[in-house]
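Worksheet for the structure shown next.
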Number of protein chains: 2
Amino acid sequence: MEQKLATQYEARANILKAMGHPTRLFIIEEINRAERCVNELTEMVGADVSTVSKHLSVLKNAGLVIDEKRGTSIYYRLCCPCVLDFISCIETVLKTNAEKQMDIVQCCGIPVAPRTRADSNK
Amino acid sequence: MEQKLATQYEARANILKAMGHPTRLFIIEEINRAERCVNELTEMVGADVSTVSKHLSVLKNAGLVIDEKRGTSIYYRLCCPCVLDFISCIETVLKTNAEKQMDIVQCCGIPVAPRTRADSNK
DNA sequence: TGGCTTTTTGGCTATATTGCCAAATATATA
DNA sequence: TATATATTTGGCAATATAGCCAAAAAGCCA
């Protein structure tokens, strides 16, 4: 992998990593529904304000959200709503794997880890 | 956030987190181009075999890839190619932010961190 | 100014991730 | 059976992430 390519992969991965946390995923969906300030999000998420603030800063650093001060609060909104389209594909992945799991159970009963050589010593 | 919702966000975030690493992103693209075994990927990535193997295991655990043994090797391929569609949106995010950065420079010169109260003591 | 409210930052601990090496495992082949 | 090849696992050290509390910032209003 050449350096230039590696940098590109890093930039892309950084955005996915920023999205890869349940609270941040919740925030992304929520601020798409309507602009929200830290306070509101904190109440919805049910964590410390500082925790939510840091999650927002991760999202902002990744360029996923835009913040705008209005009145006494800072409102966050989604930069590129196309990221919401990821979800249907993610659900496909989850569903596909749920089905795979079902198949294993149907064919072979409760799936069990295969015996390894080490097991023979037990 | 109720428990049931939280579980769903965790499941989704887990998939994004699995994708959120440069090497794994590379692997995802590469095995879409053509099935690859660990050996081949190791050479392309330029890391230890065990490192690549663990990355593949993260992807497999997230249900993103399917492995199939054929001959002496194990070939990996993409489970749900729709994940590749994420990239164009990710590029939009990157481009949007590059432009934002340009605007700041054009308007206001080289952007500088604003002075904080703490700076006054220096 | 002094006291609110809203948000961010610093600092800390706990936990998770990454990447390497060495070793184990699995399988094919001489 | 012994050896070689392909892959995974265990263990370790370095680094990163998450979440809380306390405190700092920043701005509003009496």
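The shown structure was predicted, so the numbers you read here are calculated from the model rather than taken from an experiment. Atoms considered below: every heavy atom in the structure, side chains included; atoms not considered: hydrogens, waters and symmetry mates.
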B:R24 (side chain) donor-acceptor with B:A18 (main chain) under 3.5 angstrom: yes
Contact check, side chains of B:T51 and B:H55, non-hydrogen atoms, under 4.5 Å: yes
Residues within residues 63-78 of chain B bordering DNA chain C, heavy-atom distance below 4.0 Å: B:K69, B:T72
Minimum heavy-atom distance between A:S88 and A:D85, given as atom pair plus value: OG-O, 3.4 Å
Separation of atom CD in A:E10 from atom C1' in C:dT17, rounded to whole Å: 16 Å
Rounded distance (Å) that lies between atom C1' of D:dT17 and atom NE2 of B:H21: 14 Å
Length of the line joining A:I27:CD1 and D:dG19:C1', which is rounded to integer Å: 13 Å
Protein-nucleotide distance (B:N61, atom CG; C:dT18, atom P), rounded to Å: 13 Å
Counterpart residues, disulfide (SG to SG under 2.5 Å), relative to B:C37 (two or more places apart): none
Residues touching DNA chain C, which here means a heavy atom under 4.0 Å, drawn from residues 48-58 of chain B: B:D48, B:S50, B:T51, B:K54, B:H55
Any residue meeting disulfide (SG to SG under 2.5 Å) with A:C80, in chain and number order, not counting sequence neighbours: none
Short side-chain N/O contact from A:N39 to OP1 or OP2 of C:dT5, under 4.0 Å: no
Spacing between B:M19 atom CE and C:dT17 atom P, to the nearest angstrom: 17 Å
A:Y76 vs A:L56 side-chain heavy atoms within contact, under 4.5 Å: yes
Heavy-atom donor-acceptor pair, A:S57 side chain to A:S53 backbone, under 3.5 Å: no
By side chain to side chain contact (heavy atoms under 4.5 Å, CB included) - contacts of B:N14 (at least two apart): B:K17
Distance test, side-chain N/O of A:K60 to OP1/OP2 of C:dT8, below 4.0 Å: no
Listed once per pair and sorted, the side-chain hydrogen bond (donor to acceptor under 3.5 Å, both in side chains) pairs that draw on residues 26-36 of chain A, sequence neighbours left out: A:E29-B:Y9, A:E29-B:R12, A:E30-A:R33, A:E30-A:R36, A:E35-A:R70
Spacing between A:L41 atom CG and C:dT7 atom P, to the nearest angstrom: 9 Å
d(CZ, A:R24; P, D:dT17) in whole Å: 9 Å
